[in-house]
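Any value given below was found using the heavy atoms of this structure, including those in side chains, with hydrogens, waters and symmetry copies removed. Labels below follow one simple rule: chain letters A, B, ... track the order of the sequence lines, proteins then strands, and each chain is numbered from 1. All values derive from a computational prediction rather than experimental measurement.
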There are 2 protein chains.
Amino acid sequence: MGKQMTEMLKGTLEGLVLAVLSVQSAYGYEITAWLREQGFADIAEGTVYALLVRIEQRGLVDVQRVPSEKGPPRKVYSLNASGRASLDEFWVTWDFLSDRISHLKPQGHHR
Amino acid sequence: MGKQMTEMLKGTLEGLVLAVLSVQSAYGYEITAWLREQGFADIAEGTVYALLVRIEQRGLVDVQRVPSEKGPPRKVYSLNASGRASLDEFWVTWDFLSDRISHLKPQGHHR
DNA sequence: GCGCAGTATTCGGTGTCACTATGTACCTGG
DNA sequence: CCAGGTACATAGTGACACCGAATACTGCGC
């Protein structure tokens, strides 16, 4: 992963995960695998777990331990009301930032 | 500034500044003022100056001291070849990330 | 002439975040 | 038994934006 990507993920990775959880509950290993499929090939497992611990401690998600047939019990996270509010905020912030940045992109002005 | 914005600016602020400098050379105070006009109202002056020092040390910009009629001499930064390369990289990273994130954005109207 | 506001830059300390590296634990197949 | 996939946790590191304060140069009003 490039250094630029590492820095750019700060803040956005949390939104990304919240957005995923808003669609469907999921557990850490699953989310990591999904991110890798999406092209975040080098995302570190530890990063995702740490993020999940963080949003749990902030009360943005509810957790349920679910036994797995294939390994240790899973911690399934689901977005709660606080989490949805935080996700809404994320979209506002993202829209603002992405709007400002797109204005600066050379291709932004068409021929 | 919201905490979300603070985190999201990590990595993107540098790209933002490089993009500004690709249009025209500028000095710190000027860049800060411009950012504030663009809606980054609470951007910290110290943040911009620290960023400029950083990209100077990485050799992405050339610097020229220019006397000011209104205060102490200005440090005018201009993007060099390395800086343009780094900016190109930034756009690649940005496009990738913003593409993944936009896929997750609910385009509907339900919540 | 003196303080004050606007201009312009610098710097030490803080908190947050992604990454690295490693460890633990559970299960199945060879 | 043990190798490999599944699943989670965490101590330490580095990078970055922020805060607060300091420094310095100028022109203006009093």
Distance, rounded to the nearest Å, where [X] contributes [atom1] and [N] contributes [atom2]:
X	N	atom1	atom2	result
A:Ile55	C:dT16	CD1	P	16 Å
B:Lys70	D:dA24	NZ	C1'	17 Å
B:Gln57	C:dC11	CD	C1'	13 Å

Hey, can you pull the residues of residues 73-81 of chain B with a non-hydrogen atom under 4.0 angstrom from DNA chain D?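 When residues 73-81 of chain B is checked for heavy atoms under 4.0 Å from DNA chain D, there are no hits whatsoever.
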
Taking the side chain as everything from C-beta on, heavy atoms only, tell me whether [X] gets closer than 4.5 Å to [Y].
X	Y	answer
A:Ile31	A:Leu21	yes
B:Leu9	B:Thr47	no
A:Val61	A:Leu52	no

side-chain hydrogen bond (donor to acceptor under 3.5 Å, both in side chains) involving [X] - partner list, sequence neighbours excluded:
X	result
A:Tyr27	A:Arg74
A:Asp99	none
B:Asp88	none
B:Arg36	none

Which residues in residues 84-98 of chain B have at least one heavy atom lying under 4.0 Å from any atom of DNA chain C? none

What residues in residues 25-36 of chain A put a non-hydrogen atom under 4.0 Å from any atom of DNA chain C? none

Qualifying side-chain hydrogen bond (donor to acceptor under 3.5 Å, both in side chains) pairs, either residue in residues 89-98 of chain B, two or more places apart: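 The answer is A:Gln4-B:Glu89, A:Lys105-B:Asp95.
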
Between the protein and nucleotides 10-17 of chain D, list the N/O to N/O atom pairs that are separated by less than 3.5 angstrom.
from   : atom 1 : to      : atom 2 : distance (Å)
D:dG14 : N2     : A:Lys10 : NZ     : 3.2
D:dA15 : N3     : A:Lys10 : NZ     : 3.3
D:dC16 : OP1    : A:Lys3  : NZ     : 3.0
D:dC16 : OP1    : B:Arg58 : NH2    : 2.9
D:dC16 : OP2    : B:Arg54 : NE     : 3.2
D:dC16 : OP2    : B:Arg58 : NH2    : 3.4
D:dC16 : O2     : B:Lys10 : NZ     : 3.3
D:dA17 : OP1    : B:Leu9  : O      : 3.4
D:dA17 : OP2    : B:Arg54 : NH1    : 3.3
D:dA17 : OP2    : B:Arg54 : NH2    : 2.7

Tell me every residue that passes salt bridge (Lys or Arg N to Asp or Glu O under 4.0 Å) with [X], counting only those two or more places apart in sequence or in another chain.
X	result
A:Glu56	A:Lys75
B:Arg58	B:Glu14
A:Glu7	A:Lys10

Return no unless some side-chain N or O of B:Ser68 is found under 4.0 Å from OP1 or OP2 of C:dT7. no

Please assess A:Leu18 against A:Ser86 for the test side-chain contact (heavy atoms from CB on, under 4.5 Å), listing each intermediate value before the final yes or no. CA-CA 8 Å; A:Leu18 291 177; A:Ser86 183; 3.9 Å; yes

Shortest non-hydrogen contact between B:Phe40 and A:Phe96, atoms and distance: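 The answer is CE2-CE2, 3.6 Å.
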
